[in-house]
Amino acid sequence: MAEPRPRVWVSQPLFDDIVARLEAHFDVDAASAITEYAPAEIARRLAEVDGALVTLNERIDAGAVAGAPRLRAVANVAVGHNNLDLDALSAAGVLATNTPDVLTDTTADLGFALLMAAARRLGESERWLRDGRWGQWSFSTMLGADIHGSTLGILGMGRIGRGIARRGAHGFGMRVVYHNRSRLPDDVEADLGATWLDFDGLLTEADHLVLVLPYSEQTHHIVDAAALARMKPTATLVNVARGGIVDEQALAEALSSGRLAAAGLDVFEGEPAVRPELLALDNVVLTPHIGSASLATRRAMVSLAVDNLIAALGAGPHADDPPSPINADAVVKTRKATDRKR
Ligand code: DGY
């Protein structure tokens, strides 16, 4: 008798024509409507499948995989993977994958757009005009901060950080300074025109500081009241990484007291909820986690996640060699140990 086909779960409606590629290999249970899942519902779905394609909205932790003996792969449709408990997945022998590279430039574009919008007060200007207040114009209406020729600070110099550095240095003649756990090689620094500084130096020197570092226990609230107090009062802070990197209460206080000039935020600690204190402020531009949201890039992300899932479940031209695994080494160890016990 033929082996039953592997089953996969697709947690949210994505692009049907791309997700349909899974059907050549698997029985697919794809959500037809946007769904908010309780943890027990995620566990129930995973219990029945060999693989899953999930978004940042689904938290996949030890509880989610505990009752899922068939589960072998979880493909995240995002580069960030703080929704996945990698230790739990690795211990369960579940390979996790993500979608790096394809979203780098689109997210760097958005980071730069937020920087410009915050520094040049675009959101506030637009609201003012729509409110019919142009008649109150004066020569000092909506004065903002220059971008060209200023100092661009970047915290976290991965792919997206480098994309933002390139835009600043080559497009706007900015001096680029950055902080990262490891320094970039000299030739990469030279190409980007970027100089490494320690964290304090970055805070004090940046006219515009963009956060692009991964979220972890170590980076939780790394930009807190003390860090904000080290920044120039004329500075702009932009976050396109993860909300939990910034102490939002401290940021709201710094923005409302004039301790910090402006901010642009695409990510929030409790998203989709946004702190009322931030919503009430004029000098912060707020967007709903749209860093990678161009049509071409979102399609490329889904396509890469589909490729990852097909390969991770041992099918397709790259069987067992998915393009972007996250925890491959740990999973190999778990699977070897499990085989030994059998
Ligand atoms: C990512 O891929 O991590 C982005 O934040 C999602 O848009």
Side-chain angles (χ1 to χ4, degrees), residues 79-80 103-125 144-169 171-172 174-180 192 194 197 199 202-215 219 221-224 227-228 230-248 250-256 259-269 271 274-275 278-279 281-293:
V79 66
L103 49 65
T104 300
D105 280 313
T106 299
T107 308
D109 284 349
L110 192 273
F112 219 85
L114 272 181
L115 187 166
M116 297 184 76
R120 295 298 306 272
R121 304 172 64 174
L122 294 195
E124 192 182 350
S125 291
D146 271 328
I147 291 139
H148 70 275
S150 64
T151 297
L152 169 62
I154 299 177
L155 183 58
M157 202 56 143
R159 302 175 187 86
I160 298 170
R162 279 176 253 175
I164 291 171
R166 244 176 245 114
R167 282 158 178 74
F172 288 81
M174 297 171 93
R175 169 180 173 241
V176 179
V177 293
Y178 75 98
H179 179 73
N180 201 46
L192 296 172
L197 293 178
F199 183 45
L202 182 77
L203 293 171
T204 54
E205 292 207 19
D207 294 313
H208 309 285
L209 177 60
V210 185
L211 310 177
V212 225
L213 66 171
Y215 178 69
T219 61
H221 286 192
I222 191 169
V223 179
D224 57 6
L228 292 165
R230 303 289 295 145
M231 292 178 67
K232 297 179 186 178
T234 49
T236 310
L237 179 76
V238 172
N239 190 3
V240 286
R242 287 292 180 268
I245 288 168
V246 177
D247 177 343
E248 290 172 349
L251 176 63
E253 280 162 21
L255 289 168
S256 74
R259 179 62 205 77
L260 188 73
L265 306 175
D266 186 46
V267 287
F268 302 87
E269 192 161 7
E271 61 187 53
V274 179
R275 264 173 196 279
L278 289 172
L279 290 171
L281 289 169
D282 249 336
N283 54 346
V284 56
V285 180
L286 307 166
T287 50
H289 204 146
I290 56 167
S292 61

According to side chain to side chain contact (heavy atoms under 4.5 Å, CB included), who are the partners of [X], at least two apart in sequence or on a separate chain?
| X | result |
| --- | --- |
| Arg275 | Glu248, Gln249, Glu277, Leu278 |
| Val212 | Ile154, Ile160, Ile164, Val210, Val240 |
| Val267 | Asn239, Glu271, His289 |
| Ile290 | Leu110, Asp266, Thr287, Pro288, Ala293 |

Within the structure provided, determine whether [X] and [Y] are in side-chain contact (heavy-atom separation under 4.5 Å).
| X | Y | answer |
| --- | --- | --- |
| His208 | Ile147 | yes |
| Arg259 | Leu228 | no |
| Leu209 | Leu202 | yes |
| Leu251 | Leu260 | yes |

Partners passing ring-ring contact (aromatic ring centres under 6.0 Å, His included) against Phe268 (at least two apart in sequence or in another chain)
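With sequence neighbours excluded, Phe268 shows a ring-ring contact (aromatic ring centres under 6.0 Å, His included) to no residue whatsoever.
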Those residues that, when tested against His179, pass ring-ring contact (aromatic ring centres under 6.0 Å, His included) (two or more places apart)
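For His179 the ring-ring contact (aromatic ring centres under 6.0 Å, His included) partners, ignoring immediate neighbours, are Trp196.
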Looking only at heavy atoms, what is the nearest atom pair of [X] and [Y], with distance?
| X | Y | result |
| --- | --- | --- |
| Gly80 | Arg242 | CA-NH2, 3.3 Å |
| Ala108 | Gly163 | CB-C, 3.8 Å |
| Met157 | Ala165 | CE-CB, 3.6 Å |
| Ser292 | Leu103 | CB-CB, 3.9 Å |
| Ala227 | Phe199 | CB-CZ, 4.4 Å |
| Ala206 | Ala235 | O-CB, 4.0 Å |

What residues form a side-chain hydrogen bond (donor to acceptor under 3.5 Å, both in side chains) with [X], not counting sequence neighbours?
| X | value |
| --- | --- |
| Arg230 | Asp200 |
| Asp247 | none |
| Asp109 | Arg167 |
| Asp282 | Arg127 |

Taking atom [atom1] of [X] and atom [atom2] of [Y], what is their separation to the nearest 0.5 Å?
| X | Y | atom1 | atom2 | result |
| --- | --- | --- | --- | --- |
| Thr236 | Leu114 | OG1 | CG | 11.0 Å |
| Met174 | Phe112 | CE | CZ | 5.0 Å |
| Ile222 | Leu211 | CD1 | CG | 9.0 Å |
| Asp207 | Asp146 | CG | CG | 9.5 Å |
| Asn283 | Arg121 | CG | CZ | 8.0 Å |
| Glu205 | Leu197 | CD | CG | 5.0 Å |

Step by step, would you call Ile245 with Leu155 a side chain to side chain contact (heavy atoms under 4.5 Å, CB included)?
CA-CA 11 Å; Ile245 288 168; Leu155 183 58; 5.5 Å; no
